[in-house]
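Encoded as structure tokens, the structure appears first; notes follow it.
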Amino acid sequence: MTVQLTAALQQELNNLAAERGLSADELALRALASFVADQRDFDAAIARSNADIAAGRVSEHDEVVARIDRLLSIQ
């Protein structure tokens, strides 16, 4: 895979990598791995939410607001 970076982004990547004592390639690889993991986590959260909705495990907006209001008034 080849990724084309703008000159400005390449310079920022080089600077950040140098500040961290890493090569630009290593920093880019870590960033991409983190991004992919975050996207997988996001997709899993959406799937769990959809399952909750399908199973009827939801609350109406007004109920949630009232519950928050009650919790905040206790403090």
Got more than 12 heavy atoms from elsewhere within 6.0 Å of CD, Glu60?
no
Just by modelled atom types, is the Arg30 backbone N or O under 3.5 Å from a matching donor or acceptor in the Ser34 side chain?
no
Is Leu16 reachable from Leu5 through a run of I, L, V, M, F, W or Y residues, each pair having side-chain heavy atoms under 4.5 Å apart?
yes
Do Leu32 and Leu27 share a hydrophobic cluster, counting only Ile, Leu, Val, Met, Phe, Trp and Tyr and linking them when any side-chain heavy atoms are less than 4.5 Å apart?
no
Same apolar cluster (I L V M F W Y, side chains within < 4.5 Å links), Leu29/Phe35
no
Going from CG on Leu72 to CG on Asp69, what distance comes out if it is rounded to the nearest 0.5 angstrom?
6.5 Å
Can you name the nearest heavy-atom pair linking Ser59 to Arg67, along with the distance?
OG-NH2, 3.8 Å
Flag yes if Leu22 and Leu13 sit in one hydrophobic cluster, no otherwise; membership is Ile, Leu, Val, Met, Phe, Trp, Tyr, and two members link when side-chain heavy atoms are under 4.5 Å apart.
yes
Gln10 versus Asn14, side-chain donor and acceptor atoms under 3.5 Å
yes
Tell me whether the count of non-hydrogen atoms from other residues, nucleotides or ligands lying under 6.0 Å of CZ in Arg40 goes above 12.
no
Is it the case that the side chains of Glu19 and Asn15 hold a donor-acceptor pair, with the cut-off being a distance below 3.5 Å and no angle test?
no
State, with a plain yes or no, whether a side-chain heavy atom of Ile46 is found less than 4.5 Å away from one of Asp43.
no
